[in-house]
Amino acid sequence: MVSEDPTTIISKASWVIYWDWEKNRHRYGRDLDVVFKGNTIQYVGSEYRGKADRRVDGNGILVMPGLIDLHCHLFGGSVDKGVFDDIGAKALYGHALYTYSPLLQVWEEEGEATVEGALCELIQSGTTTVVDISRNYPGKMELLDRSGLRVYVGESFRQARWIDVEGRAVEYQWNEEAGWEGLSKAIRTVEALGKHPSGRLRGIIMPAQADTCKADLIKEAFKQAQILDVPFHIHAAQTLIEVHEIVRRHGMSPIQWLEELEVLGSRTTLGHCIFVDHHPWSPFRSEEDLRRLSRYGVTVAHCPTVFARTGMTLHTFGKYRKAGVNLGIGTDSYPYNMLEEVRNTVLFARTTGRSVFDTSTSEAFHAATVGGARALLRDDLGKIAPGCKADLVLVDLSHPSMQPVHDPLRSLVYVAADRAVKDVYIDGNHVLKDGRLLTLDWATSKRKEQEVQNAVLQRVSRLDPKGRSILEIAPLSLD
Ligand SMILES: [Zn+2]
């Protein structure tokens, strides 16, 4: 019963990033009380006069809305850590995706530790909502539920597998029926999660990639997302390999093709979306894709770190934003550190845009909160305001990495990152207390992750067509 929900007050927080509905943006407040009852924020203001069951001293604390990781592969992502950071296929724009990633096979029964490890890192870096696009296995929903996080589960499906041709081409091995079966399964998952008692687990509809699904499947998937009223998510304009393939098949850019399929809309999120027509590497001699994305209210899930490791990024974050494209931020694979993604968003935008004015700290923070919430069709996430969900991050202003504090968000984003994240509440529940996870076991999951990585790397020579060991394929950074 709602009336029995406890009321918690974070009393006189030194700094609060609250939402100003009138100005439609985050703002700083000083010495404010933040009060939540059950899973909902009740009050943000200078003096709460009601009674509270729990009191948290806000002195020396920044209270900010939890971050939304809009694009994340939880299963197996951390197994790649340290393996392919310095290599890629030279003739495939340096991507490791097609040639090397398939050599790291995580078995279903091995995956749990990698998922738990990733969830730990997300919470510790102030993430309260994650869109997980990765393999599901028996027991995964129980783990997601136990973590306390708000999770949108993307049961992704596709009709083609990428076949690497000795690092010089990518071919497509089609199984159309598998894609249709995948969509049916995804619909069942969305329906089942809609009834989940936590209210924190939900589904999305996600055809995996623009180049691995046929037109009729993508169209039907979008229709089902509309019927189920859930977000629609697809990797698009992710690599130039995909762009060239869509040009070969349809004679247009992936964005133009998705427009033709009538699947661009405010429930649509495009994963990565780097190689739009104006990108300097693209084959197109037009600059129309951003206007298309803006016209339909599409969101781009920007994952700066993973792609920057391959020398690629949006041209530019600021240019997308100025064109009116909604932007969210994701981690994709490791590191699962959303605060570092916010930092990298700003740094890469300014480097690529050759200007300090390309993207501000507040614009990147907006994307990591409200931008992601919009993509998830949620008005009650990513904001500190009465009526919004109590997804709160408490940052320790006295942490040496935050000091000296002039502007706490800048200290957090450019220096301290996860080191200063002290407490996290999700849906009103305390999940991180004084830097310690209350719902998950970081040490044990990391120990198991090491065992999984060892096993996965052992198997590489059997999967490699030339029978090479992992160190022959990808030597250590120093010999
Ligand atoms: Zn992805």
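Each ligand, and each atom within it, is numbered from 1 in the order the structure gives. Values in this document were obtained by computation on a predicted structure and should not be read as measured data.
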Is any side-chain N of the basic residue among [X] and [Y] closer than 4.0 Å to the acidic one's carboxylate O?
X	Y	value
Glu110	Arg459	yes
Arg161	Glu171	no
Arg354	Asp358	no
Asp132	Lys140	yes
Asp216	Lys219	no

Legend entry - Pair Asn454, Gln450: side-chain N/O donor-acceptor within cut-off below 3.5 Å: yes

Inset, instruction - Anything protein N, O or S sitting under 2.8 Å from the Zn ion (ligand 1): count it and give me the total. - result: 4

